[in-house]
Amino acid sequence: MEVAGGMRKASSHASMAGASAGDPDDFDLTRLLNHRPRINVDRQRSFDDRSLAEHSISGTASRGGGGAYMESYESMYSPGGGLRSMCGTPASSRLSFEPHPLVFEAWDALRRSLVCFRGQPIGTIAAVDHSSDEVLNYDQVFVRDFVPSALAFLMNGEPEIVKNFLLKTLLLQGWEKRIDRFKLGEGAMPASFKVLKDPKRGVEKLVADFGESAIGRVAPVDSGFWWIILLRAYTKSTGDLSLAESPECQKGIRLIMNQCLAEGFDTFPTLLCADGCCMIDRRMGVYGYPMEIQALFFMALRCAVLMLKPDAAEGKETMERIATRLHALSYHMRSYFWLDFQQLNDVYRYKTEEYSHTAVNKFNVIPESIPDWVFDFMPSRGGYFVGNVSPARMDFRWFALGNFVAILASLATPEQSAAIMDLVEERWEDLIGEMPLKISFPAIESHEWQIVTGCDPKNTRWSYHNGGSWPVLLWLLTAACIKTGRLKIARRAIELAEARLARDGWPEYYDGKLGRYVGKQARKLQTWSVAGYLVAKMMLEDPSHLGMISLEDDKAIKPVLQRSASWPA
């Protein structure tokens with residue numbers, strides 16, 4: 001199977017001190033992935049059983065037709081819910097872990113965050129702790145924040161909560177969205193919503209925020225992508241195709257795709273975005289083509305093309321547009337956003353002011369713009385996708401979410417995925433420290449901080465999104481570790497988190513170069529810090545859960561890469 005080979009290949013790149021092919025922490029997962037988990041629904045052909053080749057530009061795709069099956073563990077089953085174990089997670093017939101006491105506390109906190117609408121749970125609020133006098137409304141259900149909670153419920157065999165959430169947000173998508181008399185695109189998903197109760201009339205209603213209440217008034221670009229990714233995770237977890245194939249969900253997917261695939265003046269396949277449109281929701285200099293959005297965009301495109309029904313004219317047309325974009329986007333990202341030691345040396349020797357299509361330095365990046373820290377940060381073995389690439393600009397910062405989603409979506413090649421994990425090992429103190437995981441590295445400070453953040457007091461150096469450490473990212477790190485066969489990294493990171501999370505009250509983020517201090521404005525009992533830990537633990541207990549959030553490499557979108565070089569041989 002391709003995935004087994006990919007994992008063995010990635011494991012051979014392991015560079016952690018003392019690691020070896022025989023290391024029990026980095027064992028071959030093939031025997032686990034070949035084992036079918038129990039399924040609680042009748043098996044139907046999964047969306048992911050169809051390669052992108054079946055959705056070719058020629059339009060010959062047909063649902064259930066004889067296309068090439070993806071030769072991976074993912075296409076063999078949908079990880080379903082089974083019997084619950086004592087710690088509240090699906091029982092595993094393959095691995096046995098003594099439940100950590102923290103798991104019980106985490107589930108208790110997660111359930112206390114549940115929000116109900118007309119008697120049905122529809123999501124989790126951002127934080128259970130409301131002791132702060134801050135104006136921020138943490139009693140809302142944020143779309144991106146709910147994702148790790150949703151995965152935890154799916155892994156625990158409670159899909160109805162996730163189904164309710166997907167349907168309610170889909171309903172909100174259909175609302176007319178206006179901010180200061182300006183109408184947003186039809187496909188925009190809300191950043192969050194809340195339940196308002198009228199005790200006198202005894203009625204409840206939903207109130208959504210599409211950016212009109214957000215800090216900076218920026219609409220979230222990532223909400224629609226997370227919704228599609230979560231819809232596919234629900235389908236993989238339950239084996240139930242009826243929700244994704246319903247006319248309402250099909251329309252919702254098409255609306256999101258139409259909005260982000262709209263033709264314009266841009267010459268790049270990447271998605272142009274403003275600051276504050278993703279998890280980094282304040283001004284942090286990520287305007288342009290932020291890596292986080294491009295990785296989520298790529299993953300959402302792949303999930304959408306697998307879930308859309310080609311028997312309708314609109315669905316078929318959208319699938320063809322997605323297939324075209326995926327080819328261009330994968331080539332662009334793998335070629336121009338990727339940075340390793342050799343590529344850094346090439347950029348360092350770039351010529352500038354190159355005109356015509358034969359230019360090597362296509363974005364006219366000035367070598368003198370390379371910050372000094374990059375040369376020390378870049379190991380001889382390892383690499384990562386840089387934060388941003390646009391005309392005369394390359395943001396060399398490391399952003400965790402974009403790089404790990406790139407691994408899960410197979411935007412990163414197997415070699416690039418292994419290199420990203422090598423970088424994490426080599427720069428453990430910088431990226432993990434004493435509390436996983438740095439959302440970005442390094443922090444910007446002094447005069448640069450004033451210009452880039454607008455003197456944002458929350459984004460001071462090594463705090464919040466400016467180099468802060470976010471426990472929620474633990475689930476993404478663990479998923480990437482399982483996919484690349486690097487379990488030692490995940491185990492070590494989880495142990496670090498377990499030593500402090502409960503003692504510190506499950507904070508939203510940590511401050512400091514090593515993540516030693518609870519964030520100066522961090523909320524306690526932060527729901528996605530709790531959920532991120534639970535998902536990481538459950539994936540280690542049962543690695544087959546990876547199938548609901550991971551996509552295997554598709555040969556149909558794997559272009560031949562040609563490395564840029566300033567001085568070609």
Side-chain angles (χ1 to χ4, degrees), residues 7 10-11 13-16 19 25-26 29 100 102 106 144-145 147-149 151-152 155 229 279-280 291-292 295-296 299 382-385 398-412 416-441 465 467-501 506 508-510 514-515 526 528-543 545-546 548-551:
M7 286 184 176
S11 297
H13 286 72
S15 58
M16 182 175 286
D25 284 330
D26 289 333
L29 295 178
H100 194 283
L102 198 60
R144 82 171 65 92
D145 292 32
V147 171
S149 297
L151 295 177
M155 293 176 186
I229 293 167
M279 179 179 175
I280 298 178
M291 177 58 202
E292 176 179 332
L296 288 172
M299 191 169 195
Y384 64 103
F385 289 99
W398 149 274
F399 290 94
L401 194 151
N403 275 272
F404 292 137
V405 170
I407 292 176
L408 297 178
S410 289
L411 171 59
Q416 289 172 338
S417 297
I420 291 171
M421 303 313 297
D422 285 339
L423 180 77
V424 172
E425 289 182 338
E426 292 290 331
R427 296 294 175 256
W428 185 272
E429 290 297 305
D430 292 328
L431 302 180
I432 306 293
E434 296 185 18
M435 174 54 67
L437 176 70
K438 284 283 181 238
I439 189 173
S440 63
F441 182 88
H465 292 143
S469 298
W470 291 70
V472 63
L473 296 172
L474 192 62
W475 79 266
L476 282 164
L477 172 65
T478 302
C481 288
I482 294 174
K483 185 168 183 179
T484 55
R486 311 285 271 271
L487 272 69
K488 175 178 283 188
I489 299 176
R491 292 191 193 285
R492 186 179 172 192
I494 290 174
E495 287 173 3
L496 283 173
E498 285 176 337
R500 297 187 57 193
L501 276 177
W506 301 96
E508 180 184 17
Y509 65 95
Y510 285 78
L514 296 177
Q526 185 77 16
W528 68 353
S529 295
V530 173
Y533 166 73
L534 283 174
V535 172
K537 289 290 284 187
M538 284 191 281
M539 279 196 294
L540 273 185
E541 180 182 346
D542 186 352
H545 287 312
L546 180 68
M548 72 173 73
I549 199 65
S550 175
L551 293 163

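Residues take their numbers from the sequence shown, with the count starting at 1. Values below: every heavy atom of this structure, side chains too, minus hydrogens, waters and symmetry copies.
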Worked verdict on E498 versus K537 for salt bridge (charged side-chain N to carboxylate O under 4.0 Å, His left out): CA-CA 10 Å; E498 285 176 337; K537 289 290 284 187; 3.0 Å; yes

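- Going from atom CZ of R492 over to atom CZ of R486 covers 13.0 Å, rounded to the nearest 0.5 Å.
- From M435, atom CE reaches atom CG of L474 across 9.0 Å, with rounding to the nearest 0.5 Å.
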Go through N403 and L476 one step at a time and tell me if the side-chain contact (heavy atoms from CB on, under 4.5 Å) criterion holds. CA-CA 10 Å; N403 275 272; L476 282 164; over 6 Å; no

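- A donor-acceptor pair under 3.5 Å is formed between the side chain of S440 and the backbone N or O of H465.
- To the nearest 0.5 Å, the span separating OG on S469 from CG on L437 amounts to 7.5 Å.
- Using modelled atom types, no side-chain atom of K483 and backbone atom of S550 make a donor-acceptor pair closer than 3.5 Å.
- With M291 as the partner, the side chain to side chain contact (heavy atoms under 4.5 Å, CB included) test is satisfied by one option alone out of L411, V405, L401: L411.
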Verify side-chain contact (heavy atoms from CB on, under 4.5 Å) between M538 and T478, making sure each step is shown before the conclusion. CA-CA 10 Å; M538 284 191 281; T478 302; over 6 Å; no

From CA spacing to verdict: side-chain contact (heavy atoms from CB on, under 4.5 Å), I420, F385: CA-CA 8 Å; I420 291 171; F385 289 99; 4.1 Å; yes

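- You'll find the side chain of Y510 reaches within 4.5 Å of the side chain of P471, heavy atoms only.
- Residue G382 comes nearest to D422 through the heavy atom pair CA-CB, 4.0 Å, listed as atom of the first residue, atom of the second, then distance.
- Between L534 and W475, every side-chain heavy-atom pair lies at or beyond the 4.5 Å cut-off.
- Note: Y509 and W470 have parallel aromatic rings, judged against thresholds of 30 and 60 degrees for the angle between ring planes.
- The CG atom of L296 sits 11.0 Å away from the CE atom of M279 when rounded to the nearest 0.5 Å.
- Summarising the geometry, atom CD belonging to Q526 is positioned 12.0 Å from atom CG belonging to L501; distances are rounded to the nearest 0.5 Å.
- Looking at every heavy atom in both residues, A490 comes nearest to C481 through N-SG, 3.6 Å.
- In terms of heavy atoms, L477 sits closest to M421 at CD1-CE, 4.2 Å.
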Given the rule in the side-chain contact (heavy atoms from CB on, under 4.5 Å) test, do R427 and W398 qualify, once you have shown the distances and angles that lead to the verdict? CA-CA 11 Å; R427 296 294 175 256; W398 149 274; over 6 Å; no

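- The nearest pair of heavy atoms linking A480 to T484 is O-OG1, 2.8 Å.
- Of all heavy-atom pairs spanning L408 and I549, the tightest one is CB-O, 3.8 Å.
- Although no hydrogens or angles enter the test, the distance criterion places no donor-acceptor pair under 3.5 Å between the side chain of S417 and the main chain of I407.
- For the pair L540/R491, a side-chain contact is recorded, criterion being any heavy-atom separation below 4.5 Å from C-beta on.
- For the pair A295 and A406, the tightest heavy-atom approach, listed with the atom from each and the gap, is CB-N, 4.0 Å.
- In this structure, CG in L431 is found 5.5 Å from CG in L423, a value given to the nearest 0.5 Å.
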